[in-house]
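Below: the structure, in structure tokens.
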Amino acid sequence: MFRDNNVDEITQNFYSIYGSIEGHLVSINIANRQKIKMGIRSLTDNKIIKCFFPEELFEQAREALGKRVYVFGLIRQYLHGEKINIQVQELKVFPEKSASSSLSNIINSIRGEF
């Protein structure tokens, strides 16, 4: 017996495109060292997207756990646009809000006002 979500997954058309996803790194799964996975809660649709990444990014990912991140790589998604997963090639951590400058500080700095 098929469940509705299994039928949808089988019958949907997919495509792959290089791009990025921004969100919070909420999980890392190292059960299978051949396929290390992490989950990023997307800022755009609040869904968790499965991310596969190479072992050399493990330490960087571990330190980024719970933080806002940007990942770039090959995204697999449905034709209607919903992202399924990403083969991560690059991972960057956004600075904490307290560490980043406010817009007014940036404008004042450009004007030469401190």
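Note that the numbering runs from 1 along the sequence shown for the chain.
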Working for side-chain contact (heavy atoms from CB on, under 4.5 Å), residues Y70 and V93:
CA-CA 6 Å; Y70 155 95; V93 179; over 6 Å; no

Can you check whether [X] reaches [Y] side chain to side chain, under 4.5 Å on heavy atoms?
{"X": "N85", "Y": "K37", "answer": "no"}
{"X": "M38", "Y": "F53", "answer": "yes"}
{"X": "I75", "Y": "Y18", "answer": "no"}
{"X": "L57", "Y": "Q89", "answer": "no"}
{"X": "I84", "Y": "I49", "answer": "no"}
{"X": "F58", "Y": "I28", "answer": "yes"}
{"X": "Y78", "Y": "N13", "answer": "no"}

Is there a path from I36 to V26 through hydrophobic residues (I, L, V, M, F, W, Y) whose side chains come within less than 4.5 Å of each other?
no

Between I21 and I48, is there a shared hydrophobic cluster once you connect ILVMFWY residues whose side-chain heavy atoms come closer than 4.5 Å?
no

Tell me, with the steps shown, if E22 and F94 meet side-chain contact (heavy atoms from CB on, under 4.5 Å).
CA-CA 10 Å; E22 184 179 326; F94 285 101; 3.6 Å; yes

Distance, nearest 0.5 Å, that separates [atom1] of [X] from [atom2] of [Y]:
{"X": "S27", "Y": "R41", "atom1": "OG", "atom2": "CZ", "value": "9.5 Å"}
{"X": "I40", "Y": "L25", "atom1": "CD1", "atom2": "CG", "value": "5.5 Å"}
{"X": "Y15", "Y": "Q77", "atom1": "OH", "atom2": "CD", "value": "3.5 Å"}
{"X": "I86", "Y": "F72", "atom1": "CD1", "atom2": "CZ", "value": "7.5 Å"}

What residues, two or more places apart in sequence or in another chain, satisfy salt bridge (charged side-chain N to carboxylate O under 4.0 Å, His left out) together with K92?
E90

For K47, the salt bridge (charged side-chain N to carboxylate O under 4.0 Å, His left out) test, sequence neighbours excluded, returns E82

Are the side chain of S16 and the backbone of R76 linked by a donor-acceptor contact shorter than 3.5 Å?
no

